[in-house]
Amino acid sequence: MDQLCKYVSIRQPESNRALGLETESEYRQRWISIRVIYFTAFVVYIAFCCVATSLWPYLNTLDPDAPKQFLFYLFAIPSLMQLVLSPLFGYWTNRASSIRLPMMLVIVFLIVGQVLYAVIEEIPNNRKYALLASRALVGASTVACTLYRAYISAATTVAERTKTTSYMALAQTLGLVGGSAVQPTFAGIGEEGFQVLGFRVNMYTSVGWFCAALGVINLVLMLPWFFRDHNIAVKEAMSGNAGLADGKRAWQTMELRYLPIGLMLVAFALLMFAYAALQTLLSPIALDQFNWTNEESLFYLGILMTAGALISCILFLMLDPLCKRFSETNVLVYGAMLALFVSQLVMIPVGSEPITAFLENSGNSTGNGTALGCPPTQEWCSSIPPIGKVQFTISYTLLCISFSIGTTLSQAVFSKLLGPRPQGTWMALLTCAGSAARILGPGAVTVYVLSGTYWTFGGGSVLTGLVFVWMWVYRNRLQPVVVVKPSTAEEMKVLNPSKLVQ
């Protein structure tokens with residue numbers, strides 16, 4: 001209870017007051033703004049995933065002739081919009097004095113996209129393309145990731161950055177978990193629903209109205225009464241440096257170290273790729289190798305994914321004290337990248353007995369004749385041993401651990417390596433790397449179907465192992481660059497007025 005009261009009260013700690021960078025009032029305003037950003041992350045992610053389970057039945061209701069292949073476009077276009085728009089908004093953020101206007105614009109995208117989703121039934125023709133446009137607008141709203149990552153890098157001190165980034169990741173995860181619960185919550189309304197102001201509200205459209213309402217609340221919170229821009233990172237860089245005349249000079253004197261920065265981009269993208277790949281492979285592996293029915297697969301995988309989400313939430317809360325006890329770099333290298341490598345290695349099948357492929361009339365089917373097990377079209381099933389359920393569970397658990405720790409710390413370290421400079425364009429690059437990885441990740445299904453588990457997880461082990469070794473070798477170079485007070489002689493120099501130390 002004391003911790004909760006402390007969190008709600010937003011009191012300036014003595015350690016922050018001793019820095020002399022801001023008053024208690026400024027500290028309170030800054031953290032109110034950061035919490036508005038947490039809420040934005042929650043809203044964006046809840047709106048992004050809340051229709052995932054209902055998209056196909058809703059499409060089928062809107063346009064019974066729409067092919068199932070159209071789902072690919074509905075799921076792919078949000079990541080594509082994020083990939084295209086992130087650099088533009090990142091550049092805009094660097095040039096603007098405040099992120100309020102670009103952030104409010106992406107929230108408007110979210111509101112319009114969700115309202116369009118809710119009123120598609122009123123459109124007489126081309127409903128599937130209206131649904132595609134709705135998903136595109138929701139995808140455009142995920143550009144908020146770039147904006148709030150850039151804001152967090154400016155509005156926090158180096159000491160606060162890891163904790164703030166982990167809480168932001170927690171808000172995102174709660175949005176994903178909450179999004180999964182939104183559609184079942186409104187399922188009781190049914191397909192017929194009821195009329196409000198001439199619009200039909202049913203189990204599908206109610207989700208759109210709900211997310212639009214959250215967007216409106218978020219839009220209000222971005223007004224100056226609640227959200228204000230703060231750039232304490234520059235103040236921290238200039239603190240005690242008389243030789244630095246302004247904030248721009250503080251970050252211009254800091255050399256960019258491209259190798260460590262590039263390494264963080266690679267690590268972030270690899271974590272996103274591995275997570276998207278295994279998430280896509282969960283159902284095929286469960287159905288092929290465990291002989292589960294569709295119902296059993298949904299039930300058991302639902303339990304597994306819920307447990308994984310809870311593990312992630314716990315890790316986000318533990319990450320800051322963990323990084324105070326151990327080196328942040330070591331937590332990233334061993335807690336994330338080594339765990340990721342082991343998660344791939346564990347999935348390589350062991351044993352001598354091959355998977356029993358389904359053979360017609362073999363009786364290996366459900367009561368309605370649906371085939372169970374590995375299909376005969378996957379010829380590798382006859383020569384490769386199956387993945388065990390224990391392997392499967394351990395691998396997914398390790399993946400959740402590595403993903404939670406890795407994506408959070410890679411963002412935090414990435415931000416610290418960049419220093420107090422404007423990070424809009426750089427965070428756009430990080431967002432694009434993640435978007436591209438999420439687009440490519442599901443391609444692992446093709447490797448699995450054509451070549452089997454040895455190639456799928458053997459290749460994953462090699463890739464993650466190489467990145468782990470690369471990061472382990474360069475782990476000492478992943479420390480943020482800081483500005484120290486120049487000596488009197490150096491202050492007299494026109495060029496290079498400050499030193500950079502690691």
Side-chain angles (χ1 to χ4, degrees), residues 86-87 90-91 93-94 146 149-162 164-165 231-241 243-244 246-272 323 326-338 405-434 436-437 466-486 490 493 495-502:
S86 286
Y91 180 79
T93 303
N94 279 357
T146 296
R149 284 169 182 160
Y151 179 75
I152 290 297
S153 68
T156 56
T157 63
V158 172
E160 295 169 339
R161 192 90 31 94
T162 298
T164 308
T165 305
N231 199 340
I232 199 168
V234 168
K235 290 183 180 179
E236 184 181 32
M238 295 174 61
S239 177
N241 285 274
L244 298 179
D246 54 41
K248 190 173 183 180
R249 177 65 64 85
W251 60 262
Q252 282 183 333
T253 56
M254 294 185 174
E255 180 186 2
L256 284 172
R257 293 176 291 160
Y258 291 102
L259 181 62
I261 290 171
L263 182 53
M264 288 300 96
L265 282 172
V266 170
F268 184 79
L270 181 62
L271 287 157
M272 287 289 185
C323 289
F326 304 100
S327 164
E328 188 175 82
T329 303
N330 285 336
V331 175
L332 175 59
V333 172
Y334 299 110
M337 304 314 296
L338 179 59
I405 295 174
T407 53
T408 302
L409 289 186
S410 59
Q411 290 179 62
V413 173
F414 182 76
S415 174
K416 292 175 184 180
L417 288 169
L418 292 171
R421 58 176 38 82
Q423 296 185 12
T425 304
W426 285 101
M427 288 301 170
L429 185 59
L430 188 73
T431 302
C432 288
L466 288 173
V467 175
F468 164 66
V469 171
W470 183 19
M471 188 174 290
W472 182 82
V473 170
Y474 286 97
R475 65 191 183 282
N476 292 329
R477 299 185 64 183
L478 301 179
Q479 305 299 326
V481 174
V482 296
V483 182
V484 297
K485 185 176 180 179
E490 288 172 323
K493 296 180 181 179
L495 298 176
N496 194 22
S498 63
K499 285 184 177 180
L500 296 180
V501 297
Q502 191 169 328

Gap separating the [atom1] atom of [X] from the [atom2] atom of [Y], nearest 0.5 angstrom:
X	Y	atom1	atom2	value
Trp426	Thr93	CH2	OG1	15.5 Å
Cys323	Arg161	SG	CZ	13.5 Å
Leu417	Ile261	CG	CD1	5.5 Å
Met427	Leu430	CE	CG	6.5 Å
Tyr474	Leu259	OH	CG	5.0 Å
Leu270	Met471	CG	CE	8.5 Å

(Q) Applying the side chain to side chain contact (heavy atoms under 4.5 Å, CB included) criterion to Val413, which one of Thr165, Leu478, Leu418 satisfies it? (A)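 Testing Val413 for a side chain to side chain contact (heavy atoms under 4.5 Å, CB included) against Thr165, Leu478, Leu418 leaves exactly one candidate, Leu478.
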
Nearest heavy-atom neighbours spanning [X] and [Y]:
X	Y	value
Glu160	Ala155	OE1-O, 4.4 Å
Ala437	Ala269	CB-O, 3.2 Å
Phe268	Gly434	CE2-CA, 3.9 Å
Thr408	Thr162	CG2-O, 4.5 Å
Ser153	Ser415	CB-OG, 3.0 Å
Thr156	Thr164	CG2-OG1, 3.5 Å

Q) Any side-chain donor paired with an acceptor under 3.5 Å for Thr431 and Thr146? A) yes

Q: Check side chain to side chain contact (heavy atoms under 4.5 Å, CB included) between Ala154 and all other residues, then give those that pass, not counting sequence neighbours.
A: Asn231

Q.
Taking side chain to side chain contact (heavy atoms under 4.5 Å, CB included) as the definition, give me every residue that meets it alongside Trp472, ordered by chain and number, with sequence neighbours left out.
A. Val333, Tyr334, Arg475

Q) Tell me, do Gln411 and Ile152 make a side-chain contact under 4.5 Å, heavy atoms counted? A)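 Gln411 vs Ile152: side chains apart.
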
Q) Hey, are the side chains of Leu409 and Met337 touching, using non-hydrogen atoms and a 4.5 Å cut-off? A) no

Q) What residues, two or more places apart in sequence or in another chain, satisfy side-chain hydrogen bond (donor to acceptor under 3.5 Å, both in side chains) together with Thr407? A) none

